[in-house]
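As structure tokens, the structure follows; a few thoughts come after it.
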Amino acid sequence: MRKFLLPAALSLALLSPCAIHAQTALDQLATPQTNNSSLLTQPTLSPGVLFLFDLEKKFAQTTLEGGGKAFASWFADDAVTIENKQAPTIGRAAIAAGAQWDPKQYQLKWTPQGGQMLPAGDAGYTWGHYEGTAIDAQGNPVTTTGRYITLWKKQADGSWKVALDASNEEPPASCECSVNSLPGATPTKP
């Protein structure tokens with residue numbers, strides 16, 4: 001249920017499974033973060049990124065406990081979500097209408113792996129890995145995994161809300177990443 005919004009041309013390149021793999025290999029923030037509780041445990045992360053990671057931790061925990069209703073409560077009134085092969089969902093009311101899952105039937109978990117606070121300190125983003133597990137009609141778990149990005153924005157009242165949430169499903173395990181695999185790329189000979 002994590003969702004993604006970028007201008008169309010940029011999103012095609014950024015959301016390509018191989019482009020994400022290539023970016024991860026180059027990104028200094030790509031090292032997975034497992035304990036985001038203090039500067040002592042994550043000395044290379046800025047206080048701003050640690051703040052964003054703490055927001056993500058609270059967002060994820062309330063969503064795990066409260067399901068879709070809790071998920072939607074974190075969004076700004078004018079927030080946008082985008083997910084695979086779906087039109088954008090615009091506004092917290094529309095997001096809430098589409099996030100009607102019960103935590104007993106669907107569990108959404110995610111872990112931030114990187115992020116950045118903007119210089120003004122009033123917005124920032126996190127990105128990472130998500131896992132959603134639903135129960136099918138036969139009572140069997142069905143799991144979907146992928147990558148997400150969340151844009152956080154400080155509100156007029158001082159609270160922080162999700163302005164944009166976007167996701168894409170995990171690339172195939174055997175992804176042969178190259179420039180040729182990017183959408184719109186002209187194949188070149190080796």
Exercise. When you look at Trp110 and Glu131, which way does the side-chain contact (heavy atoms from CB on, under 4.5 Å) test go after all the steps?
Worked result: CA-CA 6 Å; Trp110 64 91; Glu131 179 178 291; over 6 Å; no
For this session: Measure the shortest side-chain to side-chain distance between Asp54 and Lys58 over non-hydrogen atoms and say whether it is less than 4.5 angstrom.
Result: yes
For this session: Determine whether Phe71 and Leu64 fall in the same hydrophobic cluster, where Ile, Leu, Val, Met, Phe, Trp and Tyr are linked whenever their side-chain heavy atoms lie under 4.5 Å apart.
Result: no
For this session: State, yes or no, whether a side-chain contact exists between Glu56 and Trp152 at a heavy-atom distance under 4.5 Å.
Result: yes
Problem set entry | Closest non-hydrogen atom pair, Val162 against Ala79 | O-CB, 3.3 Å
Exercise. Are any side-chain N or O atoms of Gln105 and backbone N or O atoms of Trp101, one a donor and one an acceptor, separated by less than 3.5 Å?
Worked result: no
Exercise. What about Ile90 and Leu164, same hydrophobic cluster or not, with Ile/Leu/Val/Met/Phe/Trp/Tyr joined at side-chain heavy-atom distances under 4.5 Å?
Worked result: yes
For this session: Over all heavy atoms of both residues, which pair between Thr81 and Ile95 is shortest? Give the atoms and the distance, please.
Result: CG2-CD1, 3.6 Å
For this session: Report the distance from atom OH of Tyr130 to atom CZ of Arg147, rounding to the nearest 0.5 Å.
Result: 10.5 Å
For this session: I would like to know whether Thr126 and Tyr148 meet side-chain contact (heavy atoms from CB on, under 4.5 Å); could you show each step before the answer?
Result: CA-CA 8 Å; Thr126 57; Tyr148 76 89; 4.0 Å; yes
For this session: Fit a plane to each ring of Phe59 and Trp74, take the angle between them on a 0 to 90° scale, and name the class: parallel (under 30°), tilted (30 to 60°) or perpendicular (over 60°).
Result: tilted
Exercise. When you measure from the side chain of Arg92 to the backbone N and O of Phe75, does any donor-acceptor pair fall under 3.5 Å?
Worked result: yes
Problem set entry | Whether Gln155 side chain and Lys153 backbone form a donor-acceptor pair below 3.5 Å | yes
For this session: Supply the atom-to-atom distance Lys109 NZ to Thr145 OG1, rounded to the nearest 0.5 angstrom.
Result: 13.0 Å
